[in-house]
Amino acid sequence: MKREEESGPVGRLSSIIESILLVSTTPLTQERARKILHHYDKKSFDEAITVLQNKYSGESGILMERVAGGYQLRTNPANQDYVRALLESRPPRLSRASLETVSIIAYKQPITRAEIEDIRGVDSQGAIKTLMERRLIKVVGKKEMPGRPFLFGTTKEFLELFGLESLSFLPSISELEEILGSNGEDAGPGTAGDESEPGREHEGGGESTD
């Protein structure tokens, strides 16, 4: 008997989506799903997603999370030490300088470099350059003022890195201050590297300047 006959259309669709998520390097959005799964309707897709969310939950080593407007399979954070041991390398982290800069941009966007530096109190050219290279921020326009400085905003990669569905899921300012204050050196998630050193943001050229 065919699997579709055993588990029904939703079971079959959840199997297909599971395979897609396993090999996809980016979250599966409904827009992408419509192009790939054009013979299934939205209701069936939502039901299949629910099946997978129930399957990958709780104590499972793999979790299905909603990230950047889509769905993605991720390892359970509780097991990160063992995953790191297998990879035999410590995932590079964002420096404090870059974490501060990207945090300011996330909360204040769109924002110019000068406005970022007014808040941080130091030159942020190096941090901005690093974040641009990591594709965590991008130029979203120019401010209507003399010199028309670039305006910066966060990217979809930023949401993916921090595991956020959207910017509305950003932690509160008090939570952010606690994160920044808990570590005097490096801070940030255990993915996506940053070679910048705190206090050395002024070195090197910038992608965009005010």
Side-chain angles (χ1 to χ4, degrees), residues 25-27 65 67-69 72 74-75 77 80-81 83-85 87-210:
T25 58
T26 58
E65 299 182 349
V67 177
Q72 192 170 48
R74 294 191 162 200
T75 57
Q80 61 182 344
D81 291 341
V83 174
R84 290 179 182 178
L87 298 176
E88 297 181 342
S89 64
R90 177 189 175 191
R93 300 160 71 88
L94 287 175
S95 72
R96 183 182 179 86
S98 290
L99 182 59
E100 287 179 352
T101 302
V102 76
S103 298
I104 290 169
I105 294 171
Y107 284 97
K108 302 292 186 179
Q109 61 186 307
I111 187 172
T112 67
R113 175 185 159 190
E115 291 168 338
I116 294 169
E117 292 173 349
D118 283 343
I119 296 172
R120 293 195 64 221
V122 294
D123 187 293
S124 299
Q125 181 175 335
I128 290 174
K129 179 177 183 292
T130 296
L131 294 169
M132 291 279 288
E133 290 172 346
R134 306 293 182 189
R135 297 197 300 178
L136 298 179
I137 64 171
K138 64 181 180 180
V139 174
V140 296
K142 291 186 176 183
K143 191 165 186 176
E144 294 299 328
M145 61 178 295
R148 300 198 66 204
F150 289 129
L151 289 166
F152 296 98
T154 53
T155 63
K156 186 175 181 180
E157 285 80 3
F158 167 83
L159 296 176
E160 293 178 18
L161 173 62
F162 287 92
L164 301 173
E165 181 179 343
S166 68
L167 291 175
S168 63
F169 285 81
L170 283 168
S172 66
I173 295 295
S174 60
E175 290 173 331
L176 181 62
E177 289 175 345
E178 183 178 343
I179 293 172
L180 293 176
S182 65
N183 194 324
E185 296 178 0
D186 285 346
T191 56
D194 187 335
E195 301 298 330
S196 300
E197 298 180 27
R200 297 178 56 125
E201 299 90 343
H202 61 284
E203 295 186 6
E207 291 288 337
S208 302
T209 57
D210 292 10

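Keep in mind the model is a prediction, meaning the values are calculated, not measured. Because only heavy atoms are used, hydrogens play no part in the values below, and waters and symmetry mates are left out as well, while side chains stay in.
Residues passing the salt bridge (Lys or Arg N to Asp or Glu O under 4.0 Å) test with Glu165, sequence neighbours excluded: Arg66. Listed by chain and residue number, Gln72 satisfy the side-chain hydrogen bond (donor to acceptor under 3.5 Å, both in side chains) test with Arg74 (two or more places apart in sequence, or in another chain). With sequence neighbours excluded, the residues satisfying side-chain contact (heavy atoms from CB on, under 4.5 Å) with Lys108 are Ile104, Ile111, Ile119.
Looking at Gln109, its side chain does come within 3.5 Å of a backbone N or O of Thr154 through a donor-acceptor pair. Judged by distance alone, with hydrogens and angles left aside, the side-chain atoms of Ser95 form a donor-acceptor pair with the main-chain N or O of Ser98 at under 3.5 Å. Using a distance-only test at 3.5 Å, with no hydrogens or angles considered, a donor-acceptor pair links the side chain of Thr155 to the main chain of Leu136.
Here Glu100 pairs with Arg120 in a salt bridge; the nearest charged N to carboxylate O distance falls below 4.0 Å. Ionic pairing of Asp123 and Arg113 is present here: one or more N-O contacts between side-chain nitrogen and carboxylate oxygen are shorter than 4.0 angstrom.
In this structure, the side chains of Leu170 and Phe162 stay at 4.5 Å or more apart for every pair of heavy atoms. With contacts defined as side-chain heavy-atom distances shorter than 4.5 Å, the pair Tyr107/Leu167 does not qualify. Contact of the Thr130 side chain with the Arg134 side chain is registered, since non-hydrogen atoms from C-beta on lie closer than 4.5 Å. Here the side chains of Val102 and Ile137 are in contact, with some heavy-atom distance below 4.5 Å.
Here the closest heavy-atom approach between residue Val122 and residue Glu117 is recorded as O-CG, 3.3 Å. The heavy-atom pair separating Ala97 from Ala127 by the smallest distance is O-CB, 4.1 Å. Taking every heavy atom of both residues into account, Ser166 and Leu159 meet most closely at C-CD2, 3.8 Å.
Taken from CD1 in Ile128 to CD in Glu133, the straight-line distance is 12.0 Å, to the nearest 0.5 Å.
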field: Evaluation steps, side-chain contact (heavy atoms from CB on, under 4.5 Å), between Ile105 and Phe158
entry: CA-CA 11 Å; Ile105 294 171; Phe158 167 83; over 6 Å; no
- request: For side-chain contact (heavy atoms from CB on, under 4.5 Å), just list the numbers for Lys138 and Val140, CA-CA rounded to whole Å, side-chain angles, deciding distance to a tenth of an Å, and then say yes or no.
  value: CA-CA 6 Å; Lys138 64 181 180 180; Val140 296; 4.0 Å; yes
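Around atom CZ of Arg135, no more than 12 heavy atoms belonging to other residues, nucleotides or ligands sit under 6.0 Å away.
Taking the six-membered ring where tryptophan is involved, the planes of Phe150 and Phe152 are perpendicular, since the angle between them exceeds 60° and thus also 30°.
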